[in-house]
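Read the structure below first, then the notes.
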There are 2 protein chains.
Amino acid sequence: MASQQDVAKRARVSFMTVSRVVNNHPGVKSETRERVLSAIRELAYYPNAAARTLNGRGTRNIGMIFPHKEFVLSRPFFIELCVELESHLSDTGYHLFLGSVRKETGSLDLTVLFKERKVDGLVIFAPERDDESVKRLAAEGLPFIVVHGRSDAVEYSYVDIDNERGVSRIMRYLFDLGHRRIGFVSGNMEEVNAQDRSACYRRELEAVGVGFDERIVHTGDWSLESGYEGFRALVGRAPAPSAIVFSNDQMALGAIKAAHDLGVSIPGDVSITGYDDIKYASFVVPALTTMRQPLDRVGEAVATLILERLDGRSECRRVILEPEFKIRDSCGPARAGGSPP
Amino acid sequence: MASQQDVAKRARVSFMTVSRVVNNHPGVKSETRERVLSAIRELAYYPNAAARTLNGRGTRNIGMIFPHKEFVLSRPFFIELCVELESHLSDTGYHLFLGSVRKETGSLDLTVLFKERKVDGLVIFAPERDDESVKRLAAEGLPFIVVHGRSDAVEYSYVDIDNERGVSRIMRYLFDLGHRRIGFVSGNMEEVNAQDRSACYRRELEAVGVGFDERIVHTGDWSLESGYEGFRALVGRAPAPSAIVFSNDQMALGAIKAAHDLGVSIPGDVSITGYDDIKYASFVVPALTTMRQPLDRVGEAVATLILERLDGRSECRRVILEPEFKIRDSCGPARAGGSPP
DNA sequence: TACGTTGATGTTTGCGCAAACATTCAACGT
DNA sequence: ACGTTGAATGTTTGCGCAAACATCAACGTA
């Protein structure tokens, strides 16, 4: 592969002049610049990223971290974010690095990726509350940001969607339809996001004077299967809920399957809501009433924040985006004479 | 960050001894080795990947390339493959690099990633037939492999699923159920995979003496929307097909929605089949009869093949995996007195 | 005793790039 | 005519690592 030296020779200049041209430094006569540029073209020269990195210029790689395969497969949102992020990053010459950090190894040491000079920055998706590796990153002052997370113990930049607003909007909608006995299926309760949505569900319930009843709350893990199970479990309770709030679409999709298997009608017998507005949400029957997470804006915000962290000039920031309520066909009015408070 | 030098100083040896320990070279007294190892631990030393790369040792990065955002979002299979691949690669110390190459830029020059020393090898997913960038990679002798692709013009290693077997199995199943008028909705016909499935559909039809009728063939693009449209279009034809073969699950899912909107029963009025067996296939109602692509084995094969290409010791290979037919609820017997041949 | 042999360790060198510093040369003012 | 200035370009150096080569002590053997 051609190096700066080769280009320099061909253009009859020193390689330093080549370097200046490549990096758009001023102080090169335009005639010389032209000569260098044609040499570059003729030799198909591309600067060697490894040498640049070694020279202290960073890797121009941003790592996106996930804990294990299953995590990704059960979170369509994650992938879409990767792609969205990649598209924003590549505009600024960055590349996306995908890395899993397995719990099995025990280490979970994300700082390694920095020390090995594999990435300049990291994006951590939905870490568990008080995650150790996140703490360590913060302690070492490494540039990273968190999506779908939040911490009281550590300071970092993060992007999230307003769960408060999202869940309360859903609850008010169901209240307006006359529902009072409303069940809830949570995501993986190790994650802040799941905790927040769950807490908000409970708060809204109490705000209208309906007591929280743990018999119609099911702890899921975001998966289709857990949605299926959750629906089965809650509908089996007596008195059964007339509506169930699911913490993501995927679980709500599982619920639709369960309803079919059980011969329960949605929304005739039970209303359900999802969260995320994934692609399938509007293609399933009945189309899912759900809370849209503005994925494109999340991707944009993530790119902006991580780039900000990189040049270190700014403080930690948080960006809270607003979800958008999508009313479709999975909710109906509560049956007259619904269950008493 | 600690360098080999720092470790060497602390262990009171030359940095070359450190290098030997780090790379597990023989010829270091075990006593010295121990001393070096503790110094490494104490200083939290990690070898600098950039320096190694500069030194001619490669990047240990494998790039996964996609053309644009929409491509990924409409191919759940792609993502799952990324994750699956990452898990196999990381066992051997490799990392996954995600890169889009946009058509807009016009360049489409994947060799850049090599020249810039960003990756050691590339995985190309479902390129269009005779894709220019693939040709260039091959011409330059760069290590890459293709998934869901195949070329007569260029030689390269690739992994694919036996479309021949898959489609013919589906067709025979439908024939056995008494279907004779069978429609087809293709994927993006620029891709080899879509072409193959389509060709096989036609061949099977003719093999049993049923003529190919282009009025019940719809050209889709793998997306939910195109499946929806395809179903609408085909069911509207007279005489309507009693079964429709979709080239992937996603489009079949779109069809289920369309059937509902049209008041057509699946499988009562029309039988449908998918392809891929994505997660949702078994959770939709009716559960989709489909052809499972053994994703885990694809991931494994991709990892193996690309690693083989890297050390250059082997010839180009191709791995054709067998799909597995999953019979579920989306097909039924053809109505008695079905449409004449 | 002198000398090769072997195992353990150290030194030199260069991978490609760019900051920091050095040099050259033409244009200008006095 | 001559020093001064500044724009344009060149040279040195080091980033961290490891191959290739060099050294050196300890040992066995003739």
Side-chain angles (χ1 to χ4, degrees), chain A residues 1-40 43-61 93 111-120, chain B residues 1-37 39-40 43-61 93 111-120 311:
Chain A
M1 305 270 179
S3 75
Q4 265 187 7
Q5 279 291 1
D6 304 322
V7 176
K9 216 166 291 171
R10 187 178 193 99
R12 297 189 316 283
V13 294
S14 89
F15 70 85
M16 201 51 221
T17 302
V18 177
S19 172
R20 279 190 264 261
V21 170
V22 169
N23 295 292
N24 273 316
H25 282 283
V28 178
K29 224 195 303 182
S30 68
E31 184 189 313
T32 315
R33 176 182 303 276
E34 282 313 316
R35 216 164 64 242
V36 170
L37 285 176
S38 17
I40 287 178
L43 295 174
Y45 163 79
Y46 287 91
N48 183 319
R52 280 188 152 154
T53 300
L54 187 58
N55 213 343
R57 230 143 307 266
T59 62
R60 303 236 125 199
N61 291 159
T111 67
V112 172
L113 287 172
F114 288 96
K115 294 192 177 150
E116 287 183 339
R117 288 282 134 71
K118 293 293 240 177
V119 300
D120 293 343
Chain B
M1 305 270 179
S3 75
Q4 265 186 6
Q5 278 292 2
D6 304 323
V7 176
K9 217 166 291 170
R10 186 178 194 99
R12 297 188 317 281
V13 294
S14 89
F15 70 85
M16 201 51 221
T17 302
V18 177
S19 172
R20 279 191 265 261
V21 171
V22 168
N23 296 291
N24 272 314
H25 283 283
V28 178
K29 225 194 305 183
S30 69
E31 184 189 312
T32 315
R33 176 182 304 276
E34 283 314 315
R35 215 165 64 241
V36 171
L37 286 176
I40 287 178
L43 295 174
Y45 164 79
Y46 286 91
N48 182 320
R52 281 189 151 152
T53 300
L54 187 57
N55 213 345
R57 232 144 304 268
T59 63
R60 304 235 124 197
N61 292 159
T111 67
V112 171
L113 287 172
F114 288 96
K115 294 193 176 147
E116 287 182 339
R117 289 283 134 71
K118 292 295 242 178
V119 300
D120 293 343
D311 57 12

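The figures that follow rest on heavy atoms only: side chains count, while hydrogens, waters and symmetry mates do not. Naming: A, B, ... by sequence-line order, numbering from 1 per chain.
Of the residues in residues 15-24 of chain B, those lying under 4.0 Å from DNA chain C by heavy-atom distance are B:Phe15, B:Met16, B:Thr17, B:Arg20. A heavy atom closer than 4.0 Å to some atom of DNA chain C occurs in no member of residues 30-38 of chain A.
Spacing between atom NE2 of B:His25 and atom C1' of C:dT9 amounts to 14 Å, rounded to whole angstrom units. Here C:dG14 presents its P atom at 17 Å from CG of A:Leu54, a figure rounded to the nearest Å.
When the side-chain nitrogen and oxygen atoms of B:Arg57 are compared with OP1 and OP2 of D:dA19, one or more of them lie within a distance under 4.0 Å. At C:dA18, one or more side-chain N or O atoms of A:Gln4 fall inside 4.0 Å of OP1 or OP2 (strictly under the cut-off). Under 4.0 angstrom from either OP1 or OP2 of C:dA18 there lies at least one side-chain N or O belonging to A:Arg52. Note on B:Tyr46: every side-chain N or O is 4.0 Å or more away from OP1 and OP2 of D:dC17.
By the salt bridge (charged side-chain N to carboxylate O under 4.0 Å, His left out) test, B:Arg52 pairs with no residue at all, sequence neighbours left out.
When each of B:Asp120, B:Val119, B:Thr59 is checked for a side-chain contact (heavy atoms from CB on, under 4.5 Å) with B:Leu113, only B:Val119 meets the rule.
The side chain of A:Asn55 has C:dG16 as its nearest neighbour among C:dG16, D:dG16, C:dT11.
Counting any heavy atom pair closer than 4.0 Å across all strands shown, B:Gly56 reaches no nucleic acid atom.
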